[in-house]
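One structure is given here, and the rest of the page talks about it.
The chain is numbered in sequence order, starting from 1.
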Amino acid sequence: EEEGLSNLVSVPSERSFTSTGEKSSSFDAIVSEDSFCHAAGTREREKAIAECARLLKPGGVLVFTDIMQSETCNQAELAAVYKRINLTNLGSVNQYKQWAQENGLLLMDFEDLSQQLPVHYSTVRSVMMAKKDAGELTGLISDDWMNNHAEGLQEWVNQANQKHLVWGYFKFCKPKTLGEGHSTSAPRYRELPALPSNSIKAAIVSAAGQLGELDTRAGPGCLISLGNSSIIAHLLVQLQHAGIERVLVQCGYMGQKIEESIRRTLPSEVHKKLEIQFMQLGTEWHLGHACSLRATKSFFKPDERFLICMANHIFDPSLVRKMACVPLEAGAEGAYALVETDFVGMVGVPASIIKLRLDRQNLEDVRAVQISTELMASESSDGVCAGLFACNWSVFDKVEALASSEAVFFTMADVLCGYVQSYPSNLHCIPTDKKVWFAAETKDTLAYAISNGLHDIGIITGDNKWLQDGAFDAEGKPIHVGPVGQAKYPGGSDWSSFSVERWRNAVYVTREYFGELCEETIKFIVEIAKQIKLRGEHVSLVEVGCGTGEFVYPIADHFRVAIGVDFNANFINFCMSQMKGDKMKFVHGDAAELVSLMKRTAPEHIWTDTKIVACVGNTMGIIPVWLKPKIYQQMKELAGPKGIVIIVYWNAAWFGDACQNFYHANPQLCGPFTGEAIDLSSTTLTTPPPVCYRSHWTGVEEARKILRENQMEEIIVEERGKGVLVAARVLPDSK
């Protein structure tokens, strides 16, 4: 009332938090602080969470703290704790998660702050006893009560120190709705024609692959939830929607958890229409998808055909239907693979993806003529497998042939090679025709899927925001997947968390667009190195922002030593694993501290050598504006009075063309964007979250201005196609 807010605050008469009497879906937020622990038993706490779920509006949040017992506590030892608050038990973290899930709430976060419990209760006890000893409470509270209370508080401290008690913050949200009765987490798919009677009606879903980047102690990657359903649950819904009637789920890593999750969370209408059998492989899953296929042979009759799909993939159901309708005869020697031919610019593609060369002489029946995981994705292959295959009994013959050979381990690529070795090839390829499929194999693919929303994956109009709640691991914790936001340098692109796969995929596209400039850059630097050596001087190279070594490798032999420096530890580890000879060195570190970094890590001779300090490939264009002067200063200082600073910018004159023909083809580098991200006046691209990529392109006059501002003398500043090549030396009086 004093603040004039009485119209916004309601303090009703006493009510139960299990039955508030308020309207359903009427609150944006519900907050509780250490209250649920006082509910009279487990059932009352469960009802309190259910009441919160009822009261929240779609999109609303429940945030609360509570004192809980740990999952491994000894309840007998907690008796004194229960006695102090007149209870027989406390809730637990897993109970609250379960109750929330059962009532349709999504866990957004849980922060365990249990370490604060003994601090809190020991402080309360010590303050009370100090006041007692000082006589401040005499006549107000009896000594017996304070002594009993102190004893009870000490028991809480003891149990907290033994990790029998837990305290922390929960945050749950209620998913938003898209249409009547449908959650954002459960997309509805467009209707498809019924499968013809002679179509494939069975499938193997393999959750038996070797562990990958997204498999964690929380669970396998196929149990990552997109919205409120796991990836494997989405896949099963898509298979059923396309007309598949029978599925064998092969369970590998944490297989029992996979089975329990499917039984618990798959929509009941899908359970009724789809016959699902589970195969627990035990330790055999360690050998991967292909080896595990041997165990499925007894599931099928010799004249039966079936699909094979990976459990961490999801598809537009029309793609599943397309594969179910392929003209594969039961007794024929052959197989079909779903193939993505528009793969340049794909995000987060793992090195292990199956790559193919295709024979397109007959466009009605395209076949694979070479298949491997070794082919370079954009340089020598025509497509990649999308993780969905149509097979018959002959696939078991291929698997058995490999198993009876000396090979201890073999892959799906090896199995498929058995079809390619014949002439003509018996591996037929079905194009995706720009229909959407998704493989959750790296954090980059996950980040891109969430930012893109997967709204074109065959869903009905109006359900395109089904993925806006994001991704969650197998324990319901949110997965923070944006490739930005964690860099040491805020305000610029985050190279510290770029994966090697994502970077090298970007490099392939970069080579296609900047191939001529890459060659010009090498010639430019090698020629300067030769001129220095003709003067009878040793020359060493230091590259700032070396990535995965694409520039260092081809020119290292021209230098006494070539040192690549990068802020991304993933890149440096990769470079070191590929390094050959003793003329290369790769260092993980901060270019803003380049001189001290070289003093700690570089060979002693570089301090007497003439040094070329280079920053190429528009690395300067992505460094935050506020940091660039320090980088220039460090490069100058390292080069010294007789050294050369070389910078290669991307040419501002080509910026508009690049936005259309380079960046749009390279989403793994910059993420998807619209025209609002393009500033033609400053020739700068700034893409939206979650990628937040920023790149500035530089013209000749701007390059000269940069040299003047940083007290460097121009040797060469010239435009060469899509680049501006700069060579400079330190001015004699420069500091």
Subject >> Euclidean distance, F472 CZ relative to L223 CG, rounded to 0.5 Å >> reply: 15.0 Å
Original post:
Are F110 and F64 near enough that their ring centres are under 6.0 Å apart?
Top reply: no
Original post:
Which pair of heavy atoms, one from I258 and one from A207, lies closest together, and at what distance?
Top reply: CD1-CB, 3.8 Å
Subject >> Gap between atom CD1 of I224 and atom CG of L214 - 0.5 Å precision >> reply: 4.5 Å
Original post:
Is there a side-chain contact between V93 and K97 (heavy atoms, below 4.5 Å)?
Top reply: yes
Please tabulate, for side-chain N and O atoms in residues 273-280, each donor-acceptor pair with protein atoms closer than 3.5 Å (sequence neighbours left out).
residue: Q280; atom: NE2; partner: G255; partner atom: O; Å: 3.1
residue: Q280; atom: NE2; partner: E259; partner atom: OE1; Å: 2.9

**OP:** Mind listing the closest non-hydrogen atom pair of P317 and H241 along with its distance?
**Re:** CB-CD2, 3.8 Å
**OP:** Please determine if R246 forms a cation-pi arrangement with F299, meaning its NZ or CZ atom is less than 6.0 Å from the six-membered ring centre and no more than 45° off the ring axis.
**Re:** yes
Original post:
Partners of R54 by side-chain hydrogen bond (donor to acceptor under 3.5 Å, both in side chains), sequence neighbours excluded?
Top reply: S24, E51
Original post:
Which ring pair (Phe, Tyr, Trp, His ring centres under 6.0 Å) pairs, counting each pair once, include a residue from residues 244-267, with sequence neighbours left out?
Top reply: Y253-W285
Original post:
Rounded to the nearest 0.5 Å, how far apart are CG of L388 and CD1 of I314?
Top reply: 13.0 Å
Subject >> Intermediate values then yes/no, side-chain contact (heavy atoms from CB on, under 4.5 Å), V320 and L307 >> reply: CA-CA 9 Å; V320 179; L307 301 181; 3.9 Å; yes
**OP:** First locate atom OG1 of T687, then atom CZ of R694, and finally report the distance between them rounded to the nearest 0.5 Å.
**Re:** 11.5 Å
Original post:
Any ion pair linking D433 and K322 (charged N to carboxylate O, less than 4.0 Å)?
Top reply: yes
**OP:** Would you check if the distance from the ring center of Y693 to the ring center of Y663 is below 6.0 Å?
**Re:** yes
Subject >> K398 to Y419, cation-pi by 6.0 Å centre distance and 45° axis angle >> reply: yes
Original post:
When rounded to the nearest 0.5 angstrom, what distance separates CZ in F172 from CH2 in W99?
Top reply: 10.5 Å
